[in-house]
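These notes are about the structure you will find just below.
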Protein chains: 2
Amino acid sequence: MLTENVPQISRLPASTIGIRLPAAATPRIETRREPLAGLVRSFSKDEELFAEGDEAECFCEVKSGTVRTYKLLSDGRRLIDAFHFAGDIFGIEFGAEHRFSAEAVADVTVVAYRRSRLATVAETDPAFGDRVMAATLRSLERAQSHMLLLGRKTAQEKMATFLLDMADRLSDDDQHFELPMQRADIADHLGLTIETVSRTLTRFARKGLIDLPASSRSVALRNKPALRRLEA
Amino acid sequence: MLTENVPQISRLPASTIGIRLPAAATPRIETRREPLAGLVRSFSKDEELFAEGDEAECFCEVKSGTVRTYKLLSDGRRLIDAFHFAGDIFGIEFGAEHRFSAEAVADVTVVAYRRSRLATVAETDPAFGDRVMAATLRSLERAQSHMLLLGRKTAQEKMATFLLDMADRLSDDDQHFELPMQRADIADHLGLTIETVSRTLTRFARKGLIDLPASSRSVALRNKPALRRLEA
DNA sequence: CGCCGCCTTGACATTGTTCAATAAAGGTGG
DNA sequence: CCACCTTTATTGAACAATGTCAAGGCGGCG
């Protein structure tokens, strides 16, 4: 059942699995097959994996790097609904089209799975099916608490929530971590401007809540209880 | 299969099907059985159907009236994620607990279905199963575009979006409708204050975009194209 | 070394909030 | 049915938070 479909997939041009390369990008054809007939693809910083409105023929799992998914208003204002790190699954759709655009925050490697084969794969490997389902539900849950953040939290509360979440997801010791995204991405995730993000971080640092060692991308949480209280 | 379970349900005290009556409320026992073993329940204005964190033993379909689902911050700030009108299904959970509280915006009648029987019911009546699935996906979709609204739209854009959505869902002629909720609910849905909601409506009326006949709850859209442009 | 992208910081503008007063609507009991 | 009272909505003015604009710094890369 699995075997009869695999060759079919590797024959498909990239465009038909719903991942399109931007015209300008060098098409690095280092694709190879994954156990579950996923296609391994690499993208460099700011490359587009797919766009809102594209036919949703595939969904992805992050192998390494970070992906942002976002929506735009007509005048270019952007809201990043989520960042996706290694192990995260994103781009699952039940309708025909992707409802978000996806870009590489920095160089990224993903495994792309054909959506049409989800049912088959899930049967073959129930654990994988569960992971897909869990990913969908987690994204619903995240969307719901993110609404609360966007609609009712102050800049400080937003940043505190964000930092604690990042520590959770990116840090080994739950304290030190390197932010993979730039200020503009954080701002568009939290519904703020980059200036407010920057100022709020500086303020946290001055209050001794965090350390901002030189590099501006690395953060160390110095006082998590205080951050939790700030979270509201 | 269906018949052997029905009596069991009607024997269950209200509390065990996940809908709890507030202590103060007069317990109107006008419950009766629906075709699919749903329990018809009525609630009066501001009564709680269930609270965030309650065990999610049932989900509901609105028969008549309006329900709001919301989350709170520790200090009482509220975000209403959605309003639910006749025909809408809400309160479906995949985890153990409700992730939102639900209250009657005005007197409301719902049909409560036991979550544990969802699979059975869906098999018996596939169309119903589809409706439940569709409701879940629609709520995901709504959450996602609502994040964009909350994070990146101005007060005017939020109100324009809201009014167009309400016209869509509440109006026969797609123009005139009666808002079932008060300004505070609108404010907490859009991430604004009631003053801003009120001022924005007045401003729209002055610009000739809408009519606000006496009652303050009724609205008539006078210039939908302009509202659409404002929506961003 | 010098350009360029990203980040920070400051001064100022704006949007939306807060506080306060008033008005209007709706519900209740006489 | 009316008068009263409570709740809800509107409006104004002052204020605060955040956004905008602009300048400068820092770091990485060619």
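In the text below, chain A, chain B and the rest are named by the order of the sequence lines, each starting its count at 1.
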Between [X] ([atom1]) and [N] ([atom2]), how many Å, whole number?
X: A:R152; N: D:dT18; atom1: CZ; atom2: C1'; value: 16 Å
X: A:L212; N: D:dG25; atom1: CG; atom2: C1'; value: 16 Å
X: A:D46; N: C:dC4; atom1: CG; atom2: C1'; value: 15 Å
X: A:L150; N: D:dT18; atom1: CG; atom2: C1'; value: 15 Å
X: A:R183; N: D:dT20; atom1: CZ; atom2: P; value: 19 Å
X: A:I194; N: D:dG19; atom1: CD1; atom2: C1'; value: 11 Å
X: A:K153; N: D:dT18; atom1: NZ; atom2: C1'; value: 18 Å
X: A:K45; N: C:dC4; atom1: NZ; atom2: P; value: 17 Å

As a test of reading the structure: which of [options] is closest to the side chain of [X], going by heavy atoms?
X: B:S198; options: D:dT10, D:dT8, C:dC7; result: D:dT10
X: A:T202; options: C:dT8, D:dT11, C:dT9; result: C:dT9
X: B:E195; options: D:dT11, C:dT17, D:dC21; result: D:dT11
X: B:Q182; options: C:dG16, C:dT8, D:dT8; result: D:dT8

Do [X] and [Y] pair up side chain to side chain, a donor and an acceptor below 3.5 Å, judged on atom types alone?
X: A:S101; Y: A:K71; value: no
X: A:S198; Y: A:E195; value: no
X: B:T136; Y: B:S139; value: no
X: A:Y70; Y: A:E103; value: yes
X: A:T69; Y: A:H84; value: yes

Between [X] and [N], is there a side-chain N or O to OP1/OP2 distance below 4.0 Å?
X: A:R199; N: D:dT18; value: no
X: B:T196; N: C:dG16; value: no
X: B:R217; N: D:dA9; value: yes

Please tabulate, one pair per line, each protein N/O and nucleotide N/O from nucleotides 22-27 of chain C that are separated by under 3.5 Å, including the distance.
none

Does a sphere of radius 6.0 Å around CZ in A:R203 hold more than 12 heavy atoms from other residues, nucleotides or ligands, not counting ones at 6.0 Å or beyond?
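Incorrect, the count does not exceed 12.
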Closest-nucleotide ordering on DNA chain D, the 5'-leading residue of A:A155 and B:R206
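Closer to the 5' end of DNA chain D: B:R206.
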Any Lys/Arg nitrogen of A:R152 or B:D188 sitting under 4.0 Å from an Asp/Glu carboxylate oxygen of the other?
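Between B:D188 and A:R152 there is a salt bridge, with a charged N closer than 4.0 Å to a carboxylate O.
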Return the CG to CD distance between B:L227 and B:E157, rounded to the nearest 0.5 Å.
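Rounded to the nearest 0.5 Å, the CG-CD separation comes out at 12.0 Å.
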Is B:L201 touching bases, backbone alone, or none of the nucleic acid, heavy atoms closer than 4.0 Å?
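If one applies the 4.0 Å heavy-atom cut-off, B:L201 turns out to touch nothing in the nucleic acid.
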Have a look at A:R203 and say if it touches a base, only the backbone sugar-phosphate, or nothing, with a 4.0 Å heavy-atom cut-off.
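Result for A:R203 = nothing.
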